[in-house]
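First up is the structure itself, then whatever we jot down about it.
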Amino acid sequence: MKMIDFGKIERKWQKRWEKEKAFAVTRNQKEKYYVLDMFPYPSGEGLHIGHAFVFTLGDIYARFKRLQGFNVLYPMGYDALGLPAENAAIKYKEHPMDYNKRTTANFMKQQKAMGWSYDWSRIVRTDDSDFYKWDQWIFLKMFERGLAYRKKSGVNWCGKCQTVLANEQVVNGRCWRHEEQEVEVKQLEQWFLKITDYADELVDGLDKLDWSERAKKLQRNWIGRSEGTEVDFDVNGNLWKVFTTRVDTLFGVTFLVISAQHPELMSLVTKEQETDVRKFLKKIKSTKQEDMDKLEKEGVFTGSYAQHPLTGEEIPIWTGNFVVADYGSGMVMAVPGHDERDYDFAKKYQLEIKKVVEADKLPFSGYGVLVNSEGFDGLKSEEAKNHITNALQMKNLGRKKKAFRLRDWLISRQRYWGTPIPIIYCDKCGIQTVREKDLPVKLPKKVEFGKGNPLLTNESWIKVKCPKCSGGARRETDTMDTFANSSWYFLRYTDSGNNKRIFDSKKANYWMPVDFYIGGPEHITMHLIYARFYTKFLRDLGLIQIDEPVRRYFTQGIVHAKDGEKMSKSRGNVIEPLKIIEKYGADTLRLFLVSVASSDKDFNWSDKGIEGSLRFLMRVMKHKWRAKKSDERVEHYVNKSIKEIAEDIEYMKYNLAVIKLRKVFDVIESGCSKKDMESFVKMLSVFCPHVGEELWSRFGKGLVSKSSWPKFDEKKINDSIEKADEALSKTVNDIAHVLKLIGKGEKVYVYVLPQEVKNYDEGFLSEKVGLPVKVFAVNDSKKYDPQGKSKKVKPGRPGIFVE
RNA sequence: GCGGGGAUGCCGGAGCGGUCAAACGGGAUGGACUCAAGAUCCAUUGGCUUAGUGCCUACGAAGGUUCGAAUCCUUCUCCCCGCACCA
């Protein structure tokens, strides 16, 4: 049997699509639909199987929407700036710029080999200064509005990356890129973006998004909004703010604790306590980040006292290792009677414990009825919160307040291959922004790698005139976090060639928001938070009208190796898409990837499985497509599958869609109308576009990729046909069963109800059973029925006699 | 600790109140074709039983709701994933 040369067919159609720019789109009257795959980092390794999977998911959806008549924007680009590129380049002793050019070309070639239907005319790459110019522009706009600022604080430093990291890039105290690398906290002055200004909106906006509950929950957790009260405590005439979610326990406060990392800590420390406090701070500094979470609560008295805002009592202020410095105000009120942590601390240092909520046993951290709380006794915790906050408000010593776990985004990176931060330091004028007309600040090509930030090695790039006084000044050598680029690239696609503006608002407003975005779950608390922040900011600049960049976010599963293990070079179980394409063809790979499991679930690679997909495509390709009239049965199956497959695709149940596709093929294989053939090929083409085009070219006009999704006729869907089919195959089984029991037979007689005779084709039965089969209607007076089997006949269940 | 997601036949994986001994794929077994192999096609693939039937046991474990549960509820066990002294 001859193998079909899928490679040849695939190259032929890929060329054709390219030549005709089949998937390039512009704004038009049709309803738009924006499908987006996360732009990849163009690694030198090329496409991996994960890419093959996700991008196939997106491509199928984009093709489907296109056939449905939408004006589909489905772009592609390269997240080419960033540490991996720089590290890879260092490793291969090649400049990142050259390295990227090479790897991107290779990447693109592989993507084309997969048959993905991108609008290649809109390609965006972040290492192009035409792109990152706008990163810088956004930064300037943020700076103007006070959203980009420089601050000295404890920041996460990864020794392997040789740069600081954002909060989001620290996983369990380790670098997100180096599992083995513990993150160090360094006190450094760095650039931050004030994402916290949008924290509230970032939480509220989630409600209207079509994201999985899981994804929304993750973001909510990450932003971590809690609503409470800010209470002012007077310390020697200065008001110190304290955030609490439990003001109802305000009368149970017996001490305050200020974070040991609080910048103002020393101003509270009295002379007598100074030695103790310093000793304590020293001890804390020497503990590793890693051990921090297992640490016992410890603290030292500062010597200062605060005044209770309602009772006027003197409350000692301690400093402790368990208070987070940059959450709330870095100082907490301790209510040992109703908080376990405070209780432990109070026990350890013999501090007073008060009961202010009725409870059998302390500590009790639940809600209840207030006691020992002056005029608030008898109130329930929930109502007491409001009453006490009001009381504080009257004295102007407290107010409602929301606190967030989200921190401002640290975007400085001490590395070369990122967007230069457009800032100039002048000894005379201080921090100056680069003038808009001087953008982009291009990365200098000449730098030395290997010792700290490479940008520091190009003095002539660093030296610059101050934009204000024209005196000697120096450029900022930090570059931006790579996530800055990905925070808005989807907007650039809407007008990627624009060299005057970041994008044309009309175009962006037409295409945005992204209707369907596919990516991994790991991006929910990084990329997707940043992207939402940037979008809101650009909206506030008046550039776009939308509030949210992504309407529907779909998280795909992970492709594991055969045994369920992680794919890795060291294990030698890596599946390379290109090799698979060579062996089986891209369509087979595509089909296999989406038919194993539901797209949101992880699944394991299987060599057997892919052969199953190949077998199916071979069968389809070898089939002699000749049109004849479709009977009722064929029409039923075809129409039903058109309906159901569309639903399955819509809900990303590609695996189920494929099953149905296989089923229709079983039915139409024995012959169908031209229209039904076309319907099948159209549906198939979404999953296997090359095979689709090839078949289409035999009987359709133009490209199947640009045809339309078949329409189904509800009236042709007739489930009783399916029932009759089931009854028929049951009968075949029954006959086989009987034959098995009696050993052998020569002739089979089947007795059916008169109205069902048409469902039982003698030829079909004979073929399946392998013996001559004679069908009689039960009311046929001339029937041959020596054992009276026709008397047992029921609807859908014929009588059988074998002799 | 908090929150989320899982556990289905030899395997992968559908199903998410009846039509379920459970789609589809893979594997295995038997058969057809063939000199043979491969490919292809057909049948079987929980147990017992029977001229096509009937029964039993099954969807992590144990209970419960229901006329009826793989599907709903409760508890438990195990796995995966987020956050984690956030006041």
Side-chain angles (χ1 to χ4, degrees), chain A residues 1-3 171-173 212-222 224-226 228 242-247 249 256-257 259 292-297 320-335 338-342 344-345 365 403-407 521-522 524-525 558 562 564 591-592 595-598 600-613 615-616 618-619 622 653 655-656 658-663 719 723 726 730-743 745 748 750 767-770 787 789 792 797-802:
Chain A
M1 189 73 61
K2 222 180 86 194
M3 274 293 282
V171 182
N172 294 328
S212 67
E213 280 312 310
R214 182 181 113 89
K216 292 193 202 181
K217 191 87 192 176
L218 275 173
Q219 278 215 359
R220 273 196 205 101
N221 274 350
W222 188 265
R225 176 166 72 188
S226 43
V242 163
F243 176 77
T244 178
T245 52
R246 290 298 302 272
V247 241
T249 62
L256 300 183
V257 189
S259 167
M292 280 303 237
D293 30 317
K294 301 169 218 145
L295 217 61
E296 201 184 322
K297 287 169 212 22
N321 60 354
F322 64 100
V323 177
V324 179
D326 49 359
Y327 179 76
S329 56
M331 175 139 78
V332 300
M333 57 180 231
V335 184
H338 303 282
D339 182 290
E340 236 166 283
R341 295 159 298 179
D342 299 346
D344 293 345
F345 195 84
S365 54
F404 296 92
R405 207 190 72 97
L406 182 73
R407 306 291 144 83
E522 71 280 12
I524 294 166
T525 50
I558 298 165
K562 292 195 232 333
L591 189 67
F592 170 69
S595 55
V596 202
S598 180
D600 55 340
K601 294 226 172 100
D602 295 359
F603 65 94
N604 299 344
W605 180 263
S606 151
D607 292 331
K608 296 284 184 192
I610 193 155
E611 284 180 15
S613 296
R615 270 202 289 271
F616 175 67
M618 293 284 269
R619 231 175 95 205
K622 281 181 190 156
K653 307 230 162 178
N655 55 332
L656 301 184
V658 170
I659 287 166
K660 284 164 193 161
L661 211 51
R662 296 176 95 123
K663 228 183 233 167
D719 283 322
K723 286 227 177 69
E726 276 161 27
K730 181 87 173 37
T731 303
V732 174
N733 280 351
D734 287 348
I735 296 171
H737 197 171
V738 173
L739 283 169
K740 206 168 155 192
L741 288 170
I742 61 171
V748 181
V750 173
E767 190 195 322
K768 288 282 180 189
V769 172
Q787 289 192 5
K789 295 286 184 192
K792 287 201 211 156
R797 177 178 294 171
I800 297 163
F801 175 66
V802 179

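A note on names: the letters A, B, ... follow the listed sequences, proteins ahead of strands, and every chain is numbered from 1.
- Side chains of A:K216 and A:Q219 form no contact here, defined as non-hydrogen atoms less than 4.5 Å apart.
- B:G17 sits 12 Å from B:C67 when the C1' atoms are compared, rounded to a whole Å.
- Comparing A:V596 and A:R619, the nucleotide of RNA chain B nearest to each residue sits closer to the 5' end for A:V596.
- Take A:F801 and apply the ring-ring contact (aromatic ring centres under 6.0 Å, His included) test, not counting sequence neighbours, and it matches no residue.
- Among the atoms of the strands shown, only primed sugar atoms or phosphate atoms (P, OP1, OP2) are found under 4.0 Å from some heavy atom of A:S598.
- Residue A:P798 is in base contact, counting any heavy-atom pair closer than 4.0 Å across all strands shown.
- Atom CD of A:E522 has more than 12 neighbouring heavy atoms from other residues, nucleotides or ligands inside a 6.0 Å radius.
- The distance from atom NZ of A:K730 to atom P of B:U44 is 11 Å, rounded to the nearest whole Å.
- The phosphate of B:C83 has neither OP1 nor OP2 within less than 4.0 Å of any side-chain N or O from A:R220.
- You'll find the side chain of A:W222 stays beyond 4.5 Å of the side chain of A:I524, heavy atoms only.
- Comparing B:G52 with B:U44, their C1' atoms are spaced 16 Å from each other, to the whole Å.
- Here A:D734 pairs with A:K730 in a salt bridge; the nearest charged N to carboxylate O distance falls below 4.0 Å.
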For residues 324-332 of chain A, please give each side-chain donor-acceptor pair under 3.5 Å, one per line with the distance, not counting sequence neighbours.
residue, atom, partner, partner atom, Å
A:D326, OD1, A:R407, NH1, 2.8
A:Y327, OH, A:S226, OG, 2.8
A:S329, OG, A:K241, O, 2.4

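- Taking the side-chain hydrogen bond (donor to acceptor under 3.5 Å, both in side chains) definition, one finds that A:S259 meets it with A:Q261, sequence neighbours left out.
- Here the C1' atom of nucleotide B:G13 and the CD1 atom of A:I610 are 17 Å apart, to the nearest Å.
- A close approach under 4.0 Å does not occur between any side-chain nitrogen or oxygen of A:K217 and OP1 or OP2 of B:C83.
- Separation of the C1' atoms belonging to B:U77 and B:G15 is 24 Å when rounded to the nearest angstrom.
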Give each protein N/O atom lying under 3.5 Å from an N/O atom of nucleotides 78-82 of chain B, with the pair distance.
none

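- Nucleotides B:U49 and B:G26, compared at atom P, are 32 Å apart to the nearest Å.
- Base contact: A:F801 has a heavy atom under 4.0 Å from a base atom.
- Rounded to an integer number of Å, the gap from A:F404 CZ to B:A87 C1' is 16 Å.
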Tabulate protein N/O versus nucleotide N/O from nucleotides 23-32 of chain B, keeping only pairs under 3.5 Å, one per line.
residue, atom, partner, partner atom, Å
B:G26, OP1, A:R615, NH2, 2.8

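- Counting any heavy atom pair closer than 4.0 Å across all strands shown, A:G228 reaches no nucleic acid atom.
- Comparing the P positions of B:U45 and B:C83 gives a spacing of 48 Å, expressed to the nearest Å.
- Remark: A:K653 engages no residue in a side-chain hydrogen bond (donor to acceptor under 3.5 Å, both in side chains) (not counting sequence neighbours).
- Side-chain proximity of A:R405 to the nucleotides B:C85, B:A84, B:G52 is greatest for B:A84.
- Remark: A:K216 is not in phosphate contact with B:G3, judged by side-chain N or O atoms under 4.0 Å from OP1 or OP2.
- Within the nucleic acid shown, A:R225 has no heavy atom closer than 4.0 Å to any nucleic acid atom.
- Every residue was checked against the salt bridge (charged side-chain N to carboxylate O under 4.0 Å, His left out) condition with A:R662, not counting sequence neighbours, and none meets it.
- At the heavy-atom level, A:V323 lies under 4.0 Å from base atoms of the strands shown.
- Atom CD in A:Q219 sits roughly 17 Å away from atom P in B:G4 (whole-Å rounding).
- Residues that satisfy the salt bridge (charged side-chain N to carboxylate O under 4.0 Å, His left out) test with A:K789, not counting sequence neighbours, are absent from this structure.
- Counting only heavy atoms from C-beta outward, the side chains of A:F592 and A:V658 never approach each other to under 4.5 Å.
- Stem analysis of RNA chain B (at least three stacked-register Watson-Crick or G-U pairs, each with both distances under 3.5 Å) gives B:1-7 with B:77-83, B:10-12 with B:24-26, B:27-32 with B:40-45, B:46-48 with B:54-56, B:60-64 with B:72-76.
- The gap from the C1' atom of B:U57 to that of B:G9 amounts to 13 Å, rounded to the nearest Å.
- Between A:W605 atom CH2 and B:C11 atom P there is a gap of 22 Å when expressed in whole angstrom units.
- Nucleotides B:C33 and B:G38, compared at atom C1', are 12 Å apart to the nearest Å.
- In terms of the ring-ring contact (aromatic ring centres under 6.0 Å, His included) criterion, A:F404 has no residue partners (sequence neighbours excluded).
- Not counting sequence neighbours, A:R615 has no partner by the salt bridge (charged side-chain N to carboxylate O under 4.0 Å, His left out) test.
- Taking A:K601 as the reference, nothing meets the salt bridge (charged side-chain N to carboxylate O under 4.0 Å, His left out) condition, with sequence neighbours excluded.
- Both A:A597 and A:D342 sit near RNA chain B, but only A:A597 has its closest nucleotide nearer the 5' end.
- Straight-line distance from the NZ atom of A:K653 to the C1' atom of B:G13: 12 Å, rounded to whole Å.
- Rounded to whole Å, the P atom of B:U74 lies 22 Å from the corresponding atom of B:C79.
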